[in-house]
There are 2 protein chains.
Amino acid sequence: MENFKQTSQRLAIIDYLKDNKNHPTVEEIFKSVKDKNPHVSLATVYNTIDMLKKRGIISELTINSTKRRYDPNPNYHHHFICLSCKNVFDIEEKINITLSEELKNSYKIHGYEIDLYGYCNNCKKELSGID
Amino acid sequence: MENFKQTSQRLAIIDYLKDNKNHPTVEEIFKSVKDKNPHVSLATVYNTIDMLKKRGIISELTINSTKRRYDPNPNYHHHFICLSCKNVFDIEEKINITLSEELKNSYKIHGYEIDLYGYCNNCKKELSGID
DNA sequence: TTATTAATTTAGAATAATTCTAAAATGGAA
DNA sequence: TTCCATTTTAGAATTATTCTAAATTAATAA
Ligand SMILES: [Mn+2]
Ligand SMILES: [Mn+2]
Ligand SMILES: [Zn+2]
Ligand SMILES: [Zn+2]
């Protein structure tokens, strides 16, 4: 895979994704990008996502079962999903896990992904009634 | 939610799911159940899955982004996904994780799910060429 | 510059998983 | 048995995603 052509559509999509911490869906990417640059089609969003995925520039999350979410954060990280607002937060901090010898013998383990569930700071406040 | 009607279709689906460790897709459930009991429609598989899900008897996995997989294992557990054969294995063993104080302060964490990735025993062998 | 061309964009069609609908069937209470 | 709320069902509808093939264009070379 060589260098890619710099089209205005691609630059707009890449610009939207840059530093984006929202783990957006294709629909969200399309809406937002089209807003600034109406010369972007849904097909191009799909194509560009595909290209970025293949190059390892973004990764695909399967947290949501109806729509795929995309993650442009290049660092290895885990996620926290708020059970109330459903937002997905990056956990960049390293989380150590302890695996038994038996487990390490049964499988050749290359890596792991952790999803934490609970309530984010905002929803925590709402629940308690305190602000 | 009260007791449910015992129909032959439901019993067949529940029977197939009982102790099933394969995390089957709807398609897999439908094929297998229809085989023994042709009086089962795809719609009923969807309906029954829905009912079992609402009752907490099965849970939905989002490991695969194209098809949902279902898990009748009632114990809290994690998963190992083989990068080669794509099979999903239950890890019933407790995995401890270490979270920083800062993290515990930022979020009200209720639980976590870990997906381990690597090669299962079978695929490990194939890769090494030894059998 | 301008010409060339392979890569990209695009609208719309195709596909595939899931949900919906509304009519027919039936488990289980009375 | 009768009754009826619940369930089943086929097929239609919906939704996300992929495919197609024609039109456009970025990048390269003349
Ligand atoms: Mn992330
Ligand atoms: Mn499982
Ligand atoms: Zn929240
Ligand atoms: Zn394997």
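Chain naming here is simple, since letters A, B, ... match the order of the sequence lines and numbering starts at 1 in each.
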Please report, rounded to the nearest Å, how far the C1' atom of C/dA6 is from the CG atom of A/N3. 15 Å

Scan the side chains in residues 92-101 of chain B for donor-acceptor partners under 3.5 Å anywhere in the protein, sequence neighbours excluded, and list what turns up.
residue	atom	partner	partner atom	Å
B/E92	OE1	B/N75	ND2	3.3
B/E92	OE2	B/K21	NZ	3.4
B/E92	OE2	B/N73	ND2	2.9
B/E93	OE1	A/S100	OG	3.1
B/E93	OE2	A/S100	N	3.3
B/E93	OE2	A/S100	OG	2.6
B/K94	NZ	B/Y112	OH	3.4
B/S100	OG	A/E93	OE1	3.1
B/S100	OG	A/E93	OE2	2.6
B/S100	OG	B/L103	N	3.1

Rounding to a whole Å, what distance do you find between A/I49:CD1 and D/dA16:C1'? 12 Å

Excluding sequence neighbours, so at least two apart, what forms ring pair (Phe, Tyr, Trp, His ring centres under 6.0 Å) with A/F89? B/Y107

Residue pairs meeting salt bridge (Lys or Arg N to Asp or Glu O under 4.0 Å), one or both in residues 74-85 of chain B, sequence neighbours left out, come to none

Measuring from A/H110:NE2 to B/C82:SG, what's the distance to the nearest 0.5 Å? 9.5 Å

Restricting to side chain to side chain donor-acceptor pair (under 3.5 Å), what partner residues turn up for A/T66, sequence neighbours left out? A/N64

For A/S41 and C/dT9, is the shortest distance between a side-chain N/O and OP1 or OP2 below 4.0 Å? no

Summarise how protein sits on nucleotides 23-30 of chain C as a single string, 5' to 3': B when a protein heavy atom is under 4.0 Å from the base, S for sugar-phosphate-only contact, - for no contact. ---BBS--

Inspect the contact between B/R69 and B/E28 and indicate whether a charged nitrogen and a carboxylate oxygen are less than 4.0 angstrom apart. yes

Taking NZ in B/K53 as the centre, count heavy atoms belonging to other residues, nucleotides or ligands within less than 6.0 Å. Is the count above 12? yes

What pairs with B/Y117 under side chain to side chain contact (heavy atoms under 4.5 Å, CB included), at least two apart in sequence or on another chain? A/E113, B/I81, B/L83, B/D115

Donor-acceptor pair, A/S84 side chain versus A/C123 backbone, under 3.5 Å? no

Check nucleotides 28-30 of chain D against the protein and report each pair of N or O atoms closer than 3.5 Å, with its distance, or say if there are none.
none

Can you tell me the distance, in whole Å, between the CG atom of B/L11 and the C1' atom of D/dT6? 15 Å

Mark up nucleotides 12-22 of chain C, 5' to 3', with B wherever a protein heavy atom is under 4.0 angstrom from a base atom, S wherever such an atom reaches only the sugar-phosphate, and - elsewhere. -----SBB---

Results of salt bridge (charged side-chain N to carboxylate O under 4.0 Å, His left out) for A/K67 - residues two or more places apart only: A/E27

Kindly write out the residues that satisfy ring pair (Phe, Tyr, Trp, His ring centres under 6.0 Å) with B/H79, not counting sequence neighbours, or none if the list is empty. B/H23, B/H77

Interatomic distance where NE2 belongs to A/H39 and P belongs to D/dA23 [whole Å]: 19 Å

Under the side-chain hydrogen bond (donor to acceptor under 3.5 Å, both in side chains) rule, what pairs show up with a residue in residues 32-42 of chain B, not counting sequence neighbours? B/S41-B/T44

Nearest whole angstrom, please: distance from the P of D/dT24 to the CZ of A/R10. 19 Å

For residues B/Y76 and B/H78, establish whether the separation of their ring centroids is below 6.0 Å. yes

With five pairs defining each end axis, the helix from C/dT1-D/dA30 to C/dA30-D/dT1 comes out bent, to 10°, by 20°

